[in-house]
Protein chains: 2
Amino acid sequence: MTNWEECLTEAGCRITASRRAVAQVLLDISAPISPQELFELGTLIHPKLGLVTVYRTLALLESLGLVRRIHRDDGCHAYLSSSPGHRHALVCRRCGQAVEFRGGDDLETLARRVEATTGFQVDDHLLQLAGLCPGCQDR
Amino acid sequence: MTNWEECLTEAGCRITASRRAVAQVLLDISAPISPQELFELGTLIHPKLGLVTVYRTLALLESLGLVRRIHRDDGCHAYLSSSPGHRHALVCRRCGQAVEFRGGDDLETLARRVEATTGFQVDDHLLQLAGLCPGCQDR
DNA sequence: GTTAATGCAAATTCTTTGCACTGCT
DNA sequence: AGCAGTGCAAAGAATTTGCATTAAC
């Protein structure tokens, strides 16, 4: 979501201080973050920020594909800034740092195999990997 | 979770009417189901069933690996009866029917590739497929 | 100047907890 | 009989909605 301002403008939405705060937090911390946490960090940037606006902004960004909703171990609702296109998240179990990667052929192969086995027609998938990032592997 | 009674007994838990109702609903409907829905269907079998018990029973079954918590499009918290071992869910977009499948080598290949690209050490994954089941493909 | 966006408070929904009672084993 | 399990009611979180005010364009 590098050029989120452009995306919002194209969608006919306004660039406001609240939205800037939310976007900045999402970009600064490249880890999945809950609405509550985002609110707390966002308040440091824009003290008037309200939790309600965080929810609304996340919904907006998600509908534009700028943010992805993902699973976190301690619950369900965390958001991660994302690039457009179909990517997947890889989250570090220890520090929460996250990166994105593209699916590739392996996933296609797997989908075709499952189609053959089950008779289903597979047309969407949700994939999330977890592990240790380079910095966290030594400890 | 075909022999859930045995699993519960081994774990030192009792077989009760409430647990039977929850288990029966989970086995009958092989689709992801929310606690609320499960409560409504369960009440038909065992009218005294309470929503609280549904939550508690789901938590118990999940801790024994008899039930899997999965993502559903309309929210996050749905449960699916599952076999032991590491399997993944394939859910029909139209009727909700779900089946399980094993990961296989493709997923391993993908994980190794992502490790090489990112430097992460990948040790866990969450994969869910969606599509149309054989019965829903014609319409 | 218009109208989208905000933030507060209140409403709803979802989930957990405390506690006396019930019913497996 | 003894204690795990239950269900109610109430507490606590998480999320959404109504509405007057603010600020982007």
Side-chain angles (χ1 to χ4, degrees), chain A residues 4-26 32-64 66-79, chain B residues 4-26 32-64 66-79:
Chain A
W4 61 275
E5 303 206 6
E6 199 179 314
C7 286
L8 284 209
T9 306
E10 275 172 20
C13 300
R14 296 176 181 175
I15 307 300
T16 66
S18 299
R19 285 175 179 169
R20 264 202 210 93
V22 170
Q24 189 180 324
V25 171
L26 281 168
I33 188 172
S34 70
Q36 184 62 46
E37 292 164 342
L38 182 33
F39 168 65
E40 282 155 21
L41 292 175
T43 303
L44 302 177
I45 299 171
H46 178 61
K48 286 189 179 175
L49 183 63
L51 180 56
V52 180
T53 302
V54 172
Y55 275 101
R56 284 192 281 227
T57 303
L58 283 173
L60 173 64
L61 294 177
E62 191 185 16
S63 75
L64 294 174
L66 293 167
V67 127
R68 203 183 294 290
R69 193 180 206 173
I70 76 162
H71 251 324
R72 230 170 42 166
D73 285 346
D74 61 342
C76 252
H77 295 163
Y79 292 80
Chain B
W4 62 275
E5 303 206 7
E6 198 178 317
C7 286
L8 285 208
T9 306
E10 275 172 20
C13 300
R14 297 178 179 173
I15 308 300
T16 67
S18 300
R19 286 175 179 169
R20 264 201 210 94
V22 170
Q24 188 179 326
V25 171
L26 281 167
I33 187 171
S34 70
Q36 185 61 47
E37 291 164 340
L38 183 34
F39 167 64
E40 283 157 21
L41 292 176
T43 303
L44 302 178
I45 298 171
H46 178 60
K48 284 190 180 174
L49 183 64
L51 180 55
V52 180
T53 302
V54 172
Y55 275 100
R56 285 192 280 227
T57 303
L58 283 172
L60 173 63
L61 294 177
E62 191 184 17
S63 75
L64 294 174
L66 293 168
V67 127
R68 201 184 294 290
R69 192 180 206 173
I70 77 162
H71 252 323
R72 229 170 42 166
D73 286 346
D74 62 342
C76 254
H77 296 163
Y79 293 80

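None of the values given here were measured: they were computed from a predicted structure. Excluded from the calculations below are hydrogen atoms, water molecules and symmetry mates; all remaining heavy atoms, backbone and side chain alike, are included. Residue numbers start from 1 in every chain, and the chains themselves are labelled A, B, ... in the order their sequence lines are given, proteins ahead of strands.
End-to-end axis angle of the helix from C/dG1-D/dC25 to C/dT25-D/dA1, from C1' rotation axes over five pairs per end: 40° (rounded to 10 degrees).
In this structure, A/E37 atom CD and D/dA14 atom P are separated by 10 Å, rounded to whole Å.
When all heavy atoms of A/T53 and A/S18 are compared, the closest pair comes out as CG2-CB, 3.8 Å. Shortest non-hydrogen contact noted between A/P35 and A/V54 is O-CG1, 3.7 Å. The heavy-atom pair separating B/Y79 from B/R69 by the smallest distance is OH-NE, 3.4 Å.
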Using residues 41-49 of chain A as the side-chain source, report each donor-acceptor pair under 3.5 Å to any protein atom, sequence neighbours left out, with the distance given to one decimal.
residue : atom : partner : partner atom : Å
A/T43   : OG1  : A/F39   : O            : 2.7

Side-chain donor-acceptor pairs under 3.5 Å in residues 6-16 of chain B, sequence neighbours left out?
residue : atom : partner : partner atom : Å
B/T9    : OG1  : B/E5    : O            : 2.8
B/T16   : OG1  : B/R19   : N            : 3.2

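Remark: A/I33 CD1 to A/I70 CD1 distance equals 11.5 Å, nearest 0.5 Å.
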Exercise. What does nucleotides 15-25 of chain D look like as a protein-contact string, B for base, S for sugar-phosphate only, - for none, at under 4.0 angstrom between heavy atoms?
Worked result: SBB-----BBS
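Side-chain contact between B/L66 and B/L26 is absent, with no heavy atoms from C-beta onward closer than 4.5 Å.
Contact check, B/S18 against D/dG7: a side-chain N or O comes under 4.0 Å of OP1 or OP2.
Partners of A/Q36 by side chain to side chain donor-acceptor pair (under 3.5 Å), not counting sequence neighbours, listed by chain and number: A/E40.
Reading DNA chain C from its 5' end, the first and the last nucleotide to sit under 4.0 Å from a heavy atom of chain B are C/dC14 to C/dT25.
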